[in-house]
Student: 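Handing you this structure, nothing more for now.
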Amino acid sequence: MSEMPVLQVEELSGGYSLGRPVLHDIQFDVQPGEMVGLIGLNGAGKSTTMKHILGLMTPHRGGVVIQGKTRDEEPETYQSSLAFVPESPLLYEELTVREHLEFAARAYNVGQEDYAQRSERLLKLFHMEEKADSLSMHLSKGMKQKVMIMCAFVARPPLYIIDEPFLGLDPLGIRSLLDFMLEMKESGSSILLSSHILSTIENYCDRFIVLHKGRVIAQGTLTDIAEQARMPGASLENMFYALVKDKE
Ligand SMILES: Nc1ncnc2c1ncn2[C@@H]1O[C@H](COP(=O)(O)OP(=O)(O)OP(=O)(O)O)[C@@H](O)[C@H]1O
């Protein structure tokens with residue numbers, strides 16, 4: 001028997017005003033322990049899809065189900081099932097790195113012992129131990145991004161929604177993030193990840209959703225996408241380029 005998907009996006013149409021939908025009939029799911037890449041050109045609809053999943057926007061049609069429930073059915077369970085890493089860091093300037101982690105842990109009801117273990121591990125992994133007691137306004141751009149990432153991972157929800165996390169991270173930070181995402185995945189968590197760095201995510205994601213002008217134009221494993229693009233053995237970047245060019 002197959003497991004229930006962690007995330008189901010069902011015939012989702014939506015956008016910023018009723019008369020002008022940006023997303024058209026988006027349909028995909030994410031299974032437990034899967035890392036799925038959401039890819040598309042600037043303006044394809046990746047962030048808008050994520051905003052609908054987060055419950056920040058109301059669908060025009062269709063909807064989003066997380067662990068079998070919509071946000072209307074069980075708002076608290078829905079919200080506590082996911083953690084979001086936005087494209088641009090949003091931090092409280094007057095809080096330290098550690099205070100941000102404590103805040104995230106409290107919001108997700110993480111016990112003291114788990115919090116202590118997870119936060120020390122994350123600070124070490126992202127080379128942020130020396131900055132743990134610095135105010136966020138005194139951090140570099142990449143360090144701020146690391147705080148957002150660490151806050152999501154201290155929570156350990158079943159589903160991570162991660163929007164273009166690599167920009168601003170140094171090569172060590174990128175590697176730490178990729179390795180940690182793999183570890184989360186192996187422990188059963190699911191990740192929906194958007195990125196333009198196709199060569200980086202190519203070998204990490206189990207499946208890909210290709211969005212173009214608010215529609216899913218291809219989805220599946222690398223092999224599935226290669227079939228859809230009729231380019232066996234090609235790189236994700238070359239297949240993506242061919243798929244998108246075909247729709248212009
Ligand atoms: N706040 C907004 N109000 C109105 N339209 C918006 C808003 N944000 C995005 N859009 C429009 O929605 C469409 C999809 O944008 P979205 O931000 O989802 O793209 P994206 O795939 O995340 O792009 P990028 O790779 O540049 O981050 C675009 O046409 C964009 O102009």
Side-chain angles (χ1 to χ4, degrees), residues 7-30 34-66 71 82-91 141-142 144-149 152 159-169 173-174 177-178 181 190-202 204-205 207-220 222 225 228-229 235-248:
L7 170 68
Q8 292 160 274
V9 176
E10 296 180 333
E11 295 177 0
L12 173 70
S13 295
Y16 299 86
S17 59
L18 258 181
R20 297 186 62 196
V22 164
L23 305 178
H24 309 272
D25 289 324
I26 305 285
Q27 177 93 25
F28 67 88
D29 59 33
V30 178
E34 250 195 334
M35 186 170 349
V36 174
L38 187 59
I39 63 178
L41 299 174
N42 293 134
K46 304 178 296 295
S47 298
T48 309
T49 302
M50 288 184 168
K51 286 182 207 164
H52 278 89
I53 296 169
L54 296 171
L56 301 173
M57 295 177 72
T58 308
H60 300 172
R61 259 187 358 99
V64 179
V65 177
I66 293 185
R71 190 162 177 273
L82 55 86
F84 175 52
V85 180
E87 194 174 3
S88 318
L90 283 168
L91 297 174
K141 195 166 57 162
K144 288 179 184 168
Q145 184 64 4
K146 286 179 178 177
V147 177
M148 297 301 296
I149 292 166
L159 174 65
Y160 296 89
I161 307 290
I162 305 184
D163 197 359
E164 191 60 88
F166 306 117
L167 299 180
L169 292 189
I174 293 177
L177 174 59
L178 287 166
M181 287 196 293
S190 307
I191 300 168
L192 179 69
L193 168 75
S194 95
S195 179
H196 292 296
I197 325 276
L198 303 188
S199 55
T200 299
I201 63 167
E202 173 165 359
Y204 282 84
C205 291
R207 288 191 295 121
F208 301 88
I209 317 288
V210 185
L211 272 188
H212 188 57
K213 297 183 178 171
R215 295 179 197 278
V216 176
I217 57 164
Q219 64 173 302
L222 264 189
I225 305 261
Q228 290 163 59
S235 67
L236 180 62
E237 197 165 300
N238 285 339
M239 293 191 273
F240 173 73
Y241 180 67
L243 284 166
V244 165
K245 206 163 137 263
D246 204 36
K247 298 281 173 191
E248 286 301 307

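All ligand and atom numbering here is 1-based and tracks the order in the structure. In this text, all values refer to a predicted model and were calculated from it rather than measured experimentally.
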Student: Answer yes or no: is there a donor N or O on one side and an acceptor on the other, between the side chain of S13 and the main chain of D25, under 3.5 Å?
Tutor: yes
Student: Which ligand 1 atoms are under 4.0 Å away from a heavy-atom of S47?
Tutor: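 Going through ligand 1 atom by atom, the ones under 4.0 Å from S47 are 17 (O), 18 (O), 20 (P), 22 (O).
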Student: For ligand 1, is there an atom lying under 4.0 Å from some heavy atom of L41?
Tutor: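 L41 counts as a contact of ligand 1 under the 4.0 Å cut-off.
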Student: Closest non-hydrogen protein atom to atom 5 (N) of ligand 1, residue and atom name please, with distance?
Tutor: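 For this ligand atom, the closest protein heavy atom is Y16 CD1, 3.3 Å.
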Student: Starting from atom 29 (O) of ligand 1, what is the nearest protein heavy atom, named by residue and atom, and what distance separates them?
Tutor: G43 O, 4.1 Å
Student: Hey, is atom 31 (O) of ligand 1 touched by any protein heavy atom at less than 4.0 Å?
Tutor: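 Within 4.0 Å: no protein heavy atom nearby.
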Student: Between S190 (side chain only) and L159 (backbone N and O only), is there a donor and an acceptor less than 3.5 Å apart?
Tutor: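 Looks like no, no N/O pair under 3.5 Å.
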Student: Do L7 and V36 have side-chain heavy atoms sitting under 4.5 Å apart?
Tutor: no
Student: Has H196 got any heavy atom lying under 4.0 angstrom from an atom of ligand 1?
Tutor: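 So H196 counts as touching ligand 1.
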Student: Any N or O on A44 sitting closer than 3.5 Å to an N or O of ligand 1?
Tutor: yes
Student: Is it the case that the side chain of K46 and the backbone of L41 share a donor-acceptor pair, with hydrogens and angles ignored and the cut-off at 3.5 Å?
Tutor: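 At least one qualifying donor-acceptor pair exists.
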Student: Consider ligand 1: state whether an atom of it lies below 4.0 angstrom from any non-hydrogen atom of G45.
Tutor: yes
Student: Mind running side-chain contact (heavy atoms from CB on, under 4.5 Å) on V22 and Y16 for me, showing each step along the way?
Tutor: CA-CA 7 Å; V22 164; Y16 299 86; 4.0 Å; yes
Student: Provide, to 0.1 Å, the distance between atom 18 (O) of ligand 1 and the closest protein heavy atom, together with that atom's residue and name.
Tutor: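 Ranking protein heavy atoms by distance from atom 18 (O) of ligand 1, first comes T48 OG1, 2.5 Å.
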Student: May I ask you to test the P89-V147 pair for a side-chain heavy-atom distance under 4.5 Å?
Tutor: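 The answer is no, as the side chains (C-beta and beyond) never meet within the 4.5 Å cut-off.
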Student: Number the atoms of ligand 1 from 1 as they appear, then name those within less than 4.0 Å of a heavy atom of V22, with their elements.
Tutor: 12 (O), 13 (C), 14 (C)
Student: Flag atom 13 (C) of ligand 1 as yes if some protein heavy-atom distance to it falls below 4.0 Å, otherwise no.
Tutor: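 There is a protein heavy atom less than 4.0 Å from atom 13 (C) of ligand 1.
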Student: Decide if atom CZ of F166 counts as having more than 12 heavy atoms of other residues, nucleotides or ligands within a radius under 6.0 Å.
Tutor: yes
Student: Nearest 0.5 Å please: distance from the CD1 atom of I174 over to the OG1 atom of T200.
Tutor: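 Rounded to the nearest 0.5 Å, the CD1-OG1 separation comes out at 6.0 Å.
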